[in-house]
Amino acid sequence: MWNCEWEYKNQAYLKERYEEKMSGKLPYHPVRKIICKGCGRKFYTNIETKKYCLYGLCGNRGYQKELSQKRLEARQDRICKVCGKVFTPKRSDGIYCSNACRQKAYRQGVTDS
Ligand SMILES: [Zn+2]
Ligand SMILES: [Zn+2]
């Protein structure tokens, strides 16, 4: 985490390194330019796995966003194409309430269209 905070405070320095890398002066420098997944700002980093500007600031936020997005998608109820029952799909692309209905649909040749 030390690196993370240090990078956050030394963006100007890292930007310079990045520009030197791009101009060919420091071709093997690990610095990269990323777009923070939390706030969408540009960020310069030496850390290979980095996705957020400052984890404490944006890492959690991005993670929460993804989580609530997934929960929202999962919670959307659908109407089974076979029996007409309202159900909550276990998978985001599930269109039948149960295996029994899926098999029935398969036998009857019901398609998604
Ligand atoms: Zn950010
Ligand atoms: Zn059904």
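Just so you know, ligand 1 is whichever comes first in the structure, and atom 1 is the first atom listed for that ligand.
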* **Geometric cation-pi criterion Arg17 and Tyr13, 6.0 Å radius, 45° cone** =>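 So Arg17 does make the cation-pi contact.
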* Heavy-atom count around Ile79 CD1 within 6.0 Å, excluding the residue itself: above 12? -> no
* Structure fact -> Taking the Zn ion (ligand 1) as the apex, Cys53 SG and Cys39 SG span an angle, rounded to 10°, of 120°
* Structure fact -> The angle formed at the Zn ion (ligand 1) by SG of Cys58 and SG of Cys36 is about (to 10 degrees) 110°
* To do: Verify, without hydrogens or angle tests, whether Lys21 (side chain) and Val31 (backbone) share a donor-acceptor contact under 3.5 angstrom.
  => yes
* Asked: Are Ile35 and Leu14 joined in one hydrophobic group, where the rule is that I, L, V, M, F, W and Y side chains link up if heavy atoms are under 4.5 Å apart?
  -> no
* Looking from the Zn ion (ligand 2), what is the angle between SG on Cys101 and SG on Cys83, to the nearest 10°? -> 110°
